[in-house]
Engineer: 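This structure is in structure tokens; I'll ask about it shortly.
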There are 2 protein chains.
Amino acid sequence: MTTPQAFRIGALARLSGVKIETIRYYEREGLLAKPGRTAGGIRIYRPSDAQRLAFIRRTRELGFPLGEVRELLGLADRRSRSCRRVHAVAAAHLTEMRRKIEDMRRMERILAGMVADCAEGTLPDCPFLEALACVDWASR
Amino acid sequence: MTTPQAFRIGALARLSGVKIETIRYYEREGLLAKPGRTAGGIRIYRPSDAQRLAFIRRTRELGFPLGEVRELLGLADRRSRSCRRVHAVAAAHLTEMRRKIEDMRRMERILAGMVADCAEGTLPDCPFLEALACVDWASR
DNA sequence: CTTGCACCCTGTAGTGACTACAGGTGCAAG
DNA sequence: CTTGCACCTGTAGTCACTACAGGGTGCAAG
């Protein structure tokens, strides 16, 4: 099974796992070059477009916002000799991601405790609602 | 220092740690009752509004979307005898949150490895960009 | 009384990253 | 030649705010 040399947006979507609407959105946003068109106006993509889209998808999956995806694409295009800038962007994102994970884990611990207190049932004053109404949030 | 019996939106914002615009947004969305007004149209809040807003804030901080905040507020208002529904909503949210944490931790591990490979510097082909272009993502 | 200032009002638009139509056209198979 | 899927553009909706613009209110000092 080989990839054809030219294909339409539906095939690109299947190939890349990115939805058609999202591909068109990336084009509007300038992340993907405007592809060629048939006489009738249908977009025609080449393997290089699929590669670029895969890069975008993987970068997004790592949680980079589109602005940073754009920057990383630019750095990749420019084949800049060093990866100093790439490293900086990635390291900052990693730090940010770790911060978010810690935030979520903190929330998760609090929530888990509250769910455990709320014994699935017929208690007269739901401890979960009580906690939301009264918890001492200074001691997070 | 006691809380006054009536105060304006700025004081409520300071008291609750919720921004003025957000308070007005919650009112538009029906999470907060429409407060009384002065002759000139200025919103006047009472301590019970501050309590309700604190409930909303804490519920939001636990990551519940506004729709679920609305539902929990309703359950708290109705003082429904059992907390079965509360437990169901909260447990579902906890499961969802744990899923998100796992997703983020997976991303974080991959990203950390890539950042480590990209040795801060002057490598000719940045391994980070290479990974984005080529990584075998089946083996996530 | 007037001025000044902080505070408040409404309404609208922008954010990020899509997603979901509505209403139309292209193209290939039978 | 018709059927029917794939594709097109453009707009609006999502979530939970946030940021104005362009005014009005209320209170104290001068």
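On a predicted model such as this, the values are computed, not experimentally measured, just so you know. Note: hydrogens, waters and symmetry copies are ignored here, and every other heavy atom, side chains too, is used. Order of the sequence lines sets the chain letters (A, B, ...), proteins ahead of strands, with each chain counted from 1.
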Engineer: Could you check which of dG26(D), dA20(C), dC7(D) has an atom nearest any side-chain atom of I9(A)?
Structural biologist: dC7(D)
Engineer: For L66(A) and dT15(C), what is the distance between atoms CG and P respectively, to the nearest whole Å?
Structural biologist: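 Computing the L66(A):CG to dT15(C):P distance gives 13 Å.
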Engineer: With both distances under 3.5 Å as the test, what is the Watson-Crick or G-U wobble partner of dA20(C)?
Structural biologist: dT11(D)
Engineer: Just to confirm, is there a sub-4.0 Å distance from OP1 or OP2 of dT18(D) to any side-chain nitrogen or oxygen of T22(B)?
Structural biologist: yes
Engineer: If I take atom CG in residue L53(B) and atom P in nucleotide dA16(D), what distance separates them, rounded to the nearest angstrom?
Structural biologist: 16 Å
Engineer: Let me know, please, whether P65(A) or I42(A) comes out on the 5' side of the other along DNA chain C by nearest nucleotide.
Structural biologist: P65(A)
Engineer: Rounded to the Å, how far apart are E27(B) CD and dC8(C) C1'?
Structural biologist: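 Spelled out: CD on E27(B) to C1' on dC8(C) is 13 Å.
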Engineer: DNA chain D: G41(B) or R24(A), which has the more 5' nearest nucleotide?
Structural biologist: R24(A)
Engineer: Taking for each residue the nucleotide of DNA chain D with the nearest heavy atom, is it R37(A) or G67(B) whose nucleotide lies nearer the 5' end?
Structural biologist: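 Of the two residues, R37(A) wins.
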Engineer: Counting heavy atoms from C-beta on, name the nucleotide in dC9(C), dT18(D), dT19(C) closest to the side chain of Y25(B).
Structural biologist: dT18(D)
Engineer: Is any side-chain N or O of T38(B) closer than 4.0 Å to OP1 or OP2 of dT25(D)?
Structural biologist: no
Engineer: Whole angstrom is fine here: how far is it from CZ in R28(A) over to P in dC18(C)?
Structural biologist: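 About 12 Å, once rounded to whole Å.
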Engineer: If you check the I20(A) side chain, which of dT18(D), dC9(C), dC7(D) turns out closest?
Structural biologist: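 Closest nucleotide among those given: dC7(D).
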Engineer: Examine distances only and state if a side-chain atom of R85(B) and a backbone atom of E71(B) form a donor-acceptor pair shorter than 3.5 Å.
Structural biologist: no
Engineer: What is the distance, to the nearest angstrom, from the CD atom on E21(B) to the C1' atom on dC7(C)?
Structural biologist: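 Atom-to-atom, E21(B) to dC7(C), this comes out as 13 Å.
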Engineer: Does a side-chain N or O of R43(A) approach OP1 or OP2 of dT9(D) to a distance below 4.0 Å, or not?
Structural biologist: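 It does, given that an N or O in the side chain of R43(A) lies less than 4.0 Å from OP1 or OP2 of dT9(D).
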Engineer: Could you state the atom-to-atom distance from CD of E61(B) to C1' of dC17(D) in whole Å?
Structural biologist: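 Roughly 15 Å, once rounded to whole Å.
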Engineer: Taking the side chain from R46(A) and the backbone from Q5(A), do they hold a donor-acceptor pair closer than 3.5 Å?
Structural biologist: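 A pair under 3.5 Å: yes.
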Engineer: Under 4.0 Å between a side-chain N or O of R60(A) and OP1 or OP2 of dC18(C)?
Structural biologist: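 For dC18(C), OP1/OP2 do have a side-chain N/O of R60(A) under 4.0 Å.
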Engineer: So which atom in M107(A) and which in M97(B) form the shortest heavy-atom distance, rounded to 0.1 Å?
Structural biologist: CE-SD, 3.2 Å
Engineer: Is any side-chain N or O of Y26(B) closer than 4.0 Å to OP1 or OP2 of dC17(D)?
Structural biologist: yes
Engineer: Across all strands, who's sitting opposite dG4(C) as a Watson-Crick or G-U wobble pair, both distances under 3.5 Å?
Structural biologist: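 Its partner is dC27(D) (Watson-Crick or G-U wobble, both distances under 3.5 Å).
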Engineer: Grab the CD1-P distance between I23(A) and dT9(D) for me, whole Å please.
Structural biologist: 13 Å
Engineer: For the residue pair M114(A) and L132(A), establish whether any side-chain heavy-atom pair is separated by less than 4.5 Å.
Structural biologist: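 M114(A) reaches L132(A) side chain to side chain.
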Engineer: Please name the residue in the list L15(B), T22(B), L32(B), L31(B) that meets the side chain to side chain contact (heavy atoms under 4.5 Å, CB included) test with L53(B).
Structural biologist: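 The passing option is L32(B).
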Engineer: Got more than 12 heavy atoms from elsewhere within 6.0 Å of CZ, R109(B)?
Structural biologist: yes
Engineer: Rounded off to whole Å, could you give me the CZ-to-P distance for the R70(B) and dA16(D) pair?
Structural biologist: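 Whole-Å distance recorded here is 9 Å.
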